[in-house]
Amino acid sequence: MTVRTRFAPSPTGYLHIGGVRTALYSWLHARKNGGKFVLRIEDTDRERSTQESVDAILEGMEWIGLDYDEGPIFQTDRFDRYAEVIQQLLDQGDAYHCYCTREELDEMREQQRANKEKPRYNGKCRDLKDPKDGREAVIRFKNPVDGDVVIDDLIKGKIVINNRELDDLIIARSDGTPTYNLTVVVDDLDMKMTHIIRGDDHVNNTPRQINMMKALGAELPKFAHAPMILGDDGKRLSKRHGAVSVMQYRDDGFFPQAVLNYLLRLGWSHGDQEIFNREEMIEFFNIENVNGAPSTFNTQKLIWLNEQYIKTLPVNEVIAHLQWHLDNQNLDTTNGPALGEVIEAHRDRAKTLKELAATIRYYYEDFSEYDEKASKKHFKTATANILQNVLDKLTALDSWQADSINNAIKATCEELELGMGKVGPALRVAVTGSAVSPSLDITLALVGKDKTLERLKAAVAFAIAKYANL
RNA sequence: GUCCCCAUCGUCUAGCGGUUAGGACACCGCCCUUUCACGGCGGUAACCGGGGUUCAAGUCCCCGUGGGGACGCCA
């Protein structure tokens with residue numbers, strides 16, 4: 001039997017990072033077993049579902065790189081089918097109309113809580129003989145009264161729930177529209193899902209769904225419930241912990257590969273290996289190795305992974321993802337040094353693509369002022385003289401290469417009898433505007449001769465003016 | 001409150017009855033170094049508590065405790 005898995009988000013907001021992790025597990029399980037991965041949009045709640053959210057999910061899936069073989073399938077397109085199954089359940093005697101009002105239900109729950117009981121529907125309308133036509137009614141599934149439901153969870157192991165804990169859940173609202181627990185069951189069955197991989201906030205729904213599947217005479221799929229991701233305060237990860245929308249990670253400068261890698265290792269491991277490319281993820285992943293305990297999201301480690309990717313990914317791939325940030329930050333790199341060479345010079349010191357894009361600006365655009373701290377610290381009384389000397393040496397250069405530039409700088413050091421520590425920093429600030437850059441020879445080589453000389457002249461003038469005013 | 005799940009360094013984890021309890025992030029040293037980083041080497045740091053089972057328990061069982069989840073005409 002072909003393995004079939006799905007990711008079934010409801011479009012009521014952005015694509016959550018926790019959702020991405022269960023999607024990843026589903027995707028990996030399908031890919032590993034040569035199966036199919038389906039994207040299904042659970043939009044039966046028309047009040048809260050929005051087109052923007054649908055777009056956000058689609059955009060997120062594309063950016064993160066989880067490709068699906070079927071879908072997106074919208075549940076709102078399948079209402080006829082749900083109505084059919086609801087009718088079947090009614091005909092079989094496995095469902096019934098319930099006329100209890102919301103007020104009655106609220107009161108019932110309140111009383112149960114007061115009695116320290118678990119709030120559940122008391123089955124008042126369960127055995128009503130004569131359907132009362134014309135009165136507003138919901139339809140409830142007739143859950144078995146006794147016996148146990150056993151879930152052989154691939155991640156959590158055996159979970160046993162007694163039917164006494166369950167109640168007759170609503171499968172159709174009074175307006176006739178189907179509810180979640182009914183639609184998932186119908187869809188997972190119709191779409192021939194073999195493995196239901198989802199967050200463990202659904203474990204409580206699973207026995208109900210199993211009961212419905214049984215009532216429909218279906219063969220049960222396998223279940224795997226992955227634990228939630230927690231924020232650093234031990235609470236379920238949410239907006240107040242920072243970034244939870246997957247697209248926020250793009251905006252913050254992360255590679256989708258790094259995010260995926262991080263999410264994979266959060267709650268799963270393969271020996272001591274930390275870095276996994278797509279092929280390795282698929283090869284080594286095993287749903288049964290997923291940790292049953294919830295884990296805490298740690299941005300520091302994600303940043304570390306991202307650094308590893310910046311350092312090692314082929315330059316073209318770095319460019320492909322960096323471009324979005326360059327555009328976003330309005331930096332045009334067409335006139336200036338080859339972007340690939342600039343990346344090579346900077347990749348060992350950037351944590352994120354956003355940061356990388358921001359730090360390479362001086363290769364392509366002139367800066368209007370020096371970093372305040374840097375100029376204060378490195379532009380001293382003698383600086384104008386030093387920079388003038390370097391300027392002369394560099395001007396005389398025929399070949400604008402890292403090694404010749406390096407020789408010229410050293411010549412200045414010797415001539416003025418100064419250490420590199422006296423010359424380098426001032427030169428760096430003069431040419432880049434800041435106290436941080438790759439090694440000077442490489443930096444100047446990339447900035448180019450014309451720009452370098454121009455900036456040096458400006459710096460000499462600046463240094464002279466600075467002390468003339470005192 | 002009731003039911004379900006979970007429990008190894010601060011964090012992510014390895015461990016699947018016998019280990020000096022391993023790795024990674026973070027942190028702290030040292031080295032490298034023209035800045036900032038990268039990198040290299042080293043260090044601090046954990047089996048929630050109590051009972052069992054066993055020659056032997058981080059590993060198996062039970063009870064506590066702690067944390068998470070669920071209890072909607074949401075999904």
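From a predicted model like this one, the values you see are computed outputs, not experimental measurements. All chains are named by letter (A, B, ...) in the order of the sequence lines, taking the proteins before the strands, and each is independently numbered beginning at 1.
Within the nucleic acid shown, A:K422 has no heavy atom closer than 4.0 Å to any nucleic acid atom.
Residue A:K156 places no side-chain N or O under 4.0 Å from the OP1 or OP2 atom of B:rC6. Taking only side-chain nitrogens and oxygens, A:T183 never comes nearer than 4.0 Å to OP1 or OP2 of B:rA75. For B:rA37, neither phosphate oxygen OP1 nor OP2 lies less than 4.0 angstrom from any side-chain nitrogen or oxygen of A:K351.
Side-chain atoms of A:R120 come within 3.5 Å of backbone N or O of A:L166 as a donor-acceptor pair. Proximity of a side-chain donor or acceptor of A:T22 to a complementary backbone N or O of A:G19 within less than 3.5 Å is detected. A:R265 places a side-chain N or O within 3.5 Å of a backbone atom of A:W268 that can act as its donor or acceptor partner.
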Distances under 3.5 Å between protein N/O atoms and the N/O atoms of nucleotides 25-29 of chain B, please, pair by pair.
from, atom 1, to, atom 2, distance (Å)
B:rC25, OP1, A:W304, NE1, 3.3
B:rC25, O2', A:K301, N, 3.4

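The separation between A:N205 atom CG and B:rC71 atom P is 7 Å, rounded to whole Å. Between the NZ atom of A:K376 and the C1' atom of B:rU35 there is a distance of 19 Å, rounded to whole Å.
Under the Watson-Crick and G-U wobble criteria, each requiring two contacts below 3.5 Å, nucleotide B:rG10 is paired to B:rC25. The base-pairing partner of B:rG58, taking Watson-Crick or G-U wobble contacts with both distances under 3.5 Å, does not exist among the strands shown. With a 3.5 Å ceiling on both atom-pair distances, B:rU33 lacks any Watson-Crick or G-U wobble partner.
Shown here for A:I155 and A:I287, the closest heavy-atom pair between the two residues is CG1-O, 3.6 Å.
Between the side chain of A:R120 and the base of B:rC71, no donor-acceptor pair under 3.5 Å is found.
Base orientation for B:rC12: anti, the chi torsion being more than 90° from 0.
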